[in-house]
Protein chains: 2
Amino acid sequence: MGRPKSPLLTSERIRTSALDIIDGEGLEALSMRRLADALGVRAASLYNHVATKEALLHELADGVMSTVDTSGFAEHWTTGLERWARSYRAALAAHPNLVPFMASGPARREIALSRADAVHGGLTSAGWPPRYATMIGASTKYLVVGSAMGSFAGGFVDDAEVYDERFPHLGQAHRLREHAAEIDADSFELALRALVDGLRAQFAQLAASGHES
Amino acid sequence: MGRPKSPLLTSERIRTSALDIIDGEGLEALSMRRLADALGVRAASLYNHVATKEALLHELADGVMSTVDTSGFAEHWTTGLERWARSYRAALAAHPNLVPFMASGPARREIALSRADAVHGGLTSAGWPPRYATMIGASTKYLVVGSAMGSFAGGFVDDAEVYDERFPHLGQAHRLREHAAEIDADSFELALRALVDGLRAQFAQLAASGHES
DNA sequence: ACCTGAACACCGTTCAAGT
DNA sequence: ACCTGAACACCGTTCAAGT
């Protein structure tokens with residue numbers, strides 16, 4: 001015990017196990033000692049493969065972000081924006097316990113940055129002025145991050161009794177928790193559709209004023 | 001030293017000091033020992049006034065939320081929704097370092113709940129079906145929370161050189177950090193306007209189909 | 001009633017030591 | 001090259017003891 005022919009640990013194994021703990025028990029359940037335990041190893045050993053706990057979390061975040069899809073901008077900017085938003089939201093929703101970490105300063109991350117660049121590029125290529133492109137990317141991200149964080153699904157406690165008594169209006173939305181995920185998805189779609197529709201109208205207006213000047 | 005004629009500590013003083021630390025040095029800088037230090041007291045003393053660190057954070061969150069304004073629903077649902085959204089965002093933006101905590105399960109908090117009830121009630125009173133009211137409240141909150149969390153202001157590092165080299169399109173949005181707060185505010189307004197406009201159109205449609213049936 | 005010292009069970013991280 | 005024990009400087013929280 002202690003003289004491996006092949007290494008006991010792998011960055012890959014570490015990441016998988018860490019994400020399992022976070023998904024199953026929450027972000028605060030992940031500690032280096034707890035993670036080492038799950039891997040049948042001592043905490044210090046982890047530092048042969050990972051610089052720091054924070055670095056590990058960033059690696060997990062990059063992995064989650066890798067499924068985000070910006071290919072739609074090749075077709076139309078509305079297609080690109082919607083596909084980006086939906087795949088982004090799906091990526092975050094797949095690991096909700098990691099979202100609080102990811103949402104705090106995500107622009108610092110390489111992958112997040114390159115995505116932002118792809119979105120920005122896709123929008124400017126379609127004819128949006130750079131400043132609009134930045135704002136559109138930002139406000140879409142607000143929607144995605146907000147829906148991933150402050151979701152009904154995560155926020156409401158189990159027994160609805162408490163709510164019925166004191167908050168009559170909320171009580172009217174019966175079985176809130178049961179349909180929480182559905183409400184989240186529908187609310188996100190509602191806002192995304194409104195945003196894209198609003199932008200489409202503004203784009204037409206912008207193009208018209210641009211032609212006549 | 002240790003026999004006070006009047007108590008050294010007050011829940012009020014504790015809250016003020018805690019929020020100062022969070023605002024000035026970040027959420028992770030707040031520890032019970034650090035807080036006790038700032039108050040000229042020992043960590044154990046805090047537990048005479050505060051049940052737990054988490055409870056203290058919830059108290060801070062409630063204080064921040066107390067400035068949120070739902071009075072606009074007395075005038076018109078669009079007025080109510082916009083005033084709620086803007087005051088909500090302003091409240092969060094005043095203490096950005098506390099937002100990651102507040103955004104994780106805010107529906108559990110009493111004040112957040114009563115606000116949600118006020119919004120839901122205001123919308124249904126105006127004629128929105130309960131399910132729509134829930135979705136509108138949710139998607140507006142997504143926008144607010146998302147803009148408070150994933151803001152450009154907090155996300156970008158100081159030297160823009162790094163970005164210019166590798167991400168040409170982002171580089172075009174020059175002096176991004178300098179105008180970050182402005183971009184955040186404008187992006188939020190853009191999305192809020194699009195959402196409210198989109199909802200107004202849908203409301204008219206809904207009222208029409210409701211009358212003819 | 002309120003503050004304290006000491007302790008408990010944790011953290012992330014480092015580092016000399018082993019193989 | 002990789003794993004370990006032991007240590008360092010931290011945590012949140014409890015509790016008997018002091019006034």
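Below, chains carry the letters A, B, ... as their sequence lines are ordered, and counting in each starts from 1.
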Rounded to whole Å, the CG-P distance (A:Asp37 to D:dG5) equals 12 Å
Winner on side-chain proximity to A:Tyr47, out of C:dG5, C:dT14, D:dG12, is C:dT14
Which of D:dT13, D:dC3, C:dC3 is nearest the side chain of A:Val41? It is D:dC3
- Using a heavy-atom cut-off of under 4.0 Å over every strand shown, decide if A:Ser45 touches base, sugar-phosphate, or nothing. base
Mate of D:dT13 across any strand shown (Watson-Crick or G-U wobble, both atom pairs under 3.5 Å) is C:dA7
Whole-Å distance, B:Leu46 CG to D:dG12 P, equals 10 Å
Between CG of A:Leu30 and C1' of C:dT13 the distance, given in whole Å, is 15 Å
Would one find a side-chain N or O of A:Thr52 under 4.0 angstrom from OP1 or OP2 of C:dT13? yes
Under 4.0 Å between a Lys/Arg side-chain N and an Asp/Glu carboxylate O for B:Asp69 and B:Arg86?
no
Between CE of B:Met32 and P of D:dC15 the distance, given in whole Å, is 16 Å
Here the distance between atom C1' of D:dC3 and atom NE2 of A:His49, to the nearest Å, is 9 Å
message: I'd like to know if the side chain of A:Thr10 pairs up with that of A:His49 as donor and acceptor (distance under 3.5 Å, no hydrogens or angles considered).
response: no
A:Asp37 and A:Arg42: salt bridge (charged side-chain N to carboxylate O under 4.0 Å, His left out), yes or no, with the steps? CA-CA 7 Å; A:Asp37 251 34; A:Arg42 316 294 268 172; 5.5 Å; no
Closest to the 5' end of DNA chain C, once A:Ala29 and A:Ala44 are matched to their nearest nucleotides, is A:Ala29
Ranking C:dC3, C:dG5, C:dT13 by distance to the side chain of B:Leu9, first place goes to C:dC3
Side chain of A:Arg33, base of C:dG12: donor and acceptor closer than 3.5 Å? yes
Worksheet item: Any donor and acceptor pair, going by atom type alone, linking the side chain of A:Ser45 with main-chain N or O of A:Val41 inside 3.5 Å?
Response: no
Residues A:Met149 and A:Ala103: closest non-hydrogen pair is SD-CB, 4.1 Å
The Watson-Crick or G-U wobble partner of D:dT19, with both key distances under 3.5 Å, is C:dA1
Taken to the nearest whole Å, CG/B:Leu39 to P/C:dC2 is 15 Å
Rounded to whole Å, CG of A:Asn48 lies from P of D:dA1 at a distance of 11 Å
Separation of D:dG12 atom C1' from B:Arg42 atom CZ, nearest Å, is 16 Å
